[in-house]
Amino acid sequence: ERDGGKLRTGVDAQVRLAFARVAGEIELESGNLAQAWAEVRTVIDDDHRGLPAYDLPLLMVAARVLARIIAANGAIDLDTTAAEAQLRTALTRYAHWPTAPIYTEVAEAELGGEDRTGTDAVLWSRAVDTVGATTAPAFLRPYVLARLAEALAFAGSRAEALSTAKRARE
């Protein structure tokens, strides 16, 4: 692929996608939803050339960003229903990839619940089980446990939420 007269290699794309994931997470945690979305949305753009090993973690973060945008109820101008459909289509495209179940389960949990903001404890519980797979990155286990604890607390299961939060810290 040519970009500005330069040949873009697979390594360049890998760096770009990894950077988009990290930048999206930083912007999200800084509360800048519009910039977080701008960083991660590249993975669902029509002209995106996919690299499943890099796209799947980025799609997971994109789901988290989208859920926060949905929770912010119109804080930025985005058709969240269309964005979610594009994100789910991209996840389906990579269903054949060995790590797809891990990232797909987390993305599904991020967008789960009646309000599509990650409040479904059943989906987070499934994500915990899936992340238990040996191919999952180690950082995901405490994250999905913490998110499960949040969902349990949201559902009113305070004792179970506290127990799960303690497991996340181990």
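Bear in mind that the values here come from a model prediction, so they are computed numbers and not experimental data.
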In terms of heavy-atom contacts, Ala168 and Pro142 come closest through O-CB, 3.4 Å
Closest approach of Ala121 to Leu148 (non-hydrogen atoms, all atoms of both residues):
O-CD1, 3.4 Å
Single-linkage hydrophobic cluster Leu66~Ile44, side-chain heavy atoms < 4.5 angstrom
yes
With a cut-off of 6.0 Å (strictly less than), are more than 12 heavy atoms of other residues, nucleotides or ligands near CZ of Phe154?
no
Should we say atom CG of Asp45 is surrounded by more than 12 heavy atoms from elsewhere, each under 6.0 Å from it?
yes
Within this structure, what is the [atom1]-[atom2] distance for the pair [X] and [Y], rounded to the nearest 0.5 Å?
| X | Y | atom1 | atom2 | result |
| --- | --- | --- | --- | --- |
| Asp55 | Arg93 | CG | CZ | 7.5 Å |
| Arg147 | Thr119 | CZ | OG1 | 9.0 Å |
| Leu33 | Ile69 | CG | CD1 | 5.5 Å |

Pairing of Glu29 and Arg68 as salt bridge, 4.0 angstrom limit
yes
Going by an N to O cut-off under 4.0 Å, is there a salt bridge joining Arg21 and Glu25?
yes
So which residues get pulled into Ile26's cluster when ILVMFWY side chains under 4.5 Å apart are joined, directly or through others?
Val22
Among Glu110, Glu105, Glu108, Glu150, side chain to side chain contact (heavy atoms under 4.5 Å, CB included) partner for Trp124
Glu110
Side-chain touch Ile70/Leu111, heavy atoms, less than 4.5 angstrom
yes
Measuring only between side-chain heavy atoms, which start at C-beta, is Val65 closer than 4.5 Å to Glu39?
no
Tell me, please, which residues at least two apart from Ala20 pass side-chain contact (heavy atoms from CB on, under 4.5 Å).
Thr42, Leu58
Could you please spell out the steps behind the side chain to side chain contact (heavy atoms under 4.5 Å, CB included) verdict for Met60 and Tyr143?
CA-CA 12 Å; Met60 177 188 69; Tyr143 175 75; 5.9 Å; no
